[in-house]
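Encoded as structure tokens, the structure appears first; notes follow it.
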Amino acid sequence: MAWNPTQTTLVNLRNAIAASQTTSVQIVQQYLDRIERYNPQLNAFTQIFADQALQRAQRIDTGDLAGPLAGIPIAIKDNMCTPYGRTTCSSRILENFAAPYTATAVEKLEAAGAIVLGKTNLDEFAMGSSTEHSAFGTTRNPWSTDHVPGGSSGGSAVAVAADLAPGALGSDTGGSIRQPAALCGVVGLKPTYGRVSRYGLVAFASSLDQIGPFAHTVGDVALLLEVLCGPDPLDSTSVDAPAGPFHANLDQPVDGLRLGLPNQYLSDANHPSVAGAIDEAVEVFRGLGAQIVEVDLPHTEYGIATYYIVATAEASSNLARYDGVRYGRRADDTADMIDLYCRSRSQGFGDEVKRRIMLGTYALSSGYYDAYYLRALKVRRLIKQDFDGAFEKFDAILCPTSTGPAFKIGEKTSNPLAMYLNDIYTATANLAGIPGISIPAGHTKSHNGDPKLPVSIQFLGPLFGEARLLRIARMYEAATNHHLARPELAQAD
Ligand code: GLN
């Protein structure tokens, strides 16, 4: 099999289709076969558009549709609107919601010739770090199906990690692209806030949400970002910043590279494999002539508290629209309008979403607004100033994506605080709006029957600094082989 999904990259496939060395129909069929075989054990996809995908592939092969992603199958997180299928956010309340329009990011991918294979599982409304809070069952980590894939874009991360798609879209509000990418051993990029249009992304926390790509290599995500980015009249927060090129100059190392290593991210609480990955990355970059210096980001310790006030406050407001009248699920036999709202929302939302709505409503309520929400906004500014100061001296910050590798399914579901602490190294980038990328950096040692699990590192860069950030990530990738590792999946008939 010349273009074996488990040994190739999105860019290779794109080039092979463009050079007529293979066809889009063949590629799409290979991925559909793998989905049929492995999705039942992984639950990465909740909807699969097999016929539609093959039909589109045929049109690409006959030269009907061209573009930089012509013929490439992609998986979409199911919180982005598509005019086909359902847009459920893995919630009962939107189980039957057929979106009347298409998310700009999806539209841009399709205009570039990409083919949507299906929609992927997530924590309900993107609230979570493990994909366990889904109304449609837990997604499993392909490196060990007893472990979580991370979240909330767990389905998209697993789709790529298990080679059920060569690339995928996720959304990142506090880490939901980078953390599952880290736990599944793939590359995940959260672009600068405003880089990619949020039109058609179901809102969780509007000042933090950002769409971004997953793939196996830095080159693949660079190509996807090039297609996704750009201003959109339908999202007033999208920004007209230079759109790369992100892919063309990727192999040019950054001269005189200066990396900051934040003290606050090198805690003793990190798993030894995470500390080891950072030490190795420091060696790699020193070997490449980079200067690496410790840096202080003193407000990091307030990151989680600030994030969980801002994010829940915005969520409580955004989710007010699901009233059982205009959207989705509607409770039967209700006495009056208030009863209809209460019962529709009680039945439609899961526990974690309810917890967030209550927390956010509390933080915004009169008498508490100044003490919680307003104060959180002030701390958010201080967190941003920490980064501004760091980027005056450094090209990027090198740090872990998560404190440890994937945890066991069920380990943290009864302890929301432990679950929230997962976001400690990712949420501050959303608060500051800056871009971040997580890339594979090896594996845990497998001993005493413990499975070998992916470990990753993260680079954070200044606002709209994706071009350089990607080149820095590529320097590390080119010097190591970690991105080539693929999980061994249990054989299914
Ligand atoms: N894990 C974080 C949360 O639960 C981030 C989620 C996200 O980025 N969508 O809110």
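Residue numbers count from 1 along this sequence.
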Item to check | Ionic contact status for Arg345 with Asp323, cut-off 4.0 Å | outcome: no
Checklist entry - Should Glu95 and Arg86 count as an ion pair when the cut-off is N to O under 4.0 Å? => result no
Item to check | Check: Thr444/Ser273 side-chain N/O donor and acceptor closer than 3.5 Å | outcome: no
Checklist entry - Is the distance between the ring centroids of Tyr322 and Phe125 less than 6.0 Å? => result yes
Checklist entry - Between Lys190 and Ser438, does a side-chain hydrogen bond (donor to acceptor under 3.5 Å, both in side chains) hold up when you go through it step by step? => result CA-CA 9 Å; Lys190 181 199 95 71; Ser438 177; over 6 Å; no
Next on the checklist: Please tell me whether Tyr199 and Tyr101 form a close aromatic pair, meaning their ring centres lie under 6.0 Å apart.
Outcome noted: yes
Item to check | Between Asn430 and Asp172, a side-chain donor and acceptor under 3.5 Å | outcome: yes
Checklist entry - Is the Tyr307 to Tyr302 ring centre distance short of 6.0 Å? => result no
Checklist entry - Are Asp146 and Lys408 close enough for a salt bridge, meaning some N to O gap below 4.0 Å? => result no
Checklist entry - Side-chain contact, heavy-atom cut-off 4.5 Å: Phe246 with Leu223? => result no
Checklist entry - Is there side-chain contact between Ser134 and Leu122, with heavy atoms separated by less than 4.5 Å? => result no
Item to check | Donor on one side chain, acceptor on other, Thr88 and Asp78, under 3.5 Å | outcome: yes
Next on the checklist: Would you say that Tyr265 contacts Thr428 through its side chain, given a criterion of any heavy-atom pair below 4.5 Å between the two side chains?
Outcome noted: yes
Checklist entry - Donor-acceptor pair, Gln179 side chain versus Asn422 backbone, under 3.5 Å? => result no
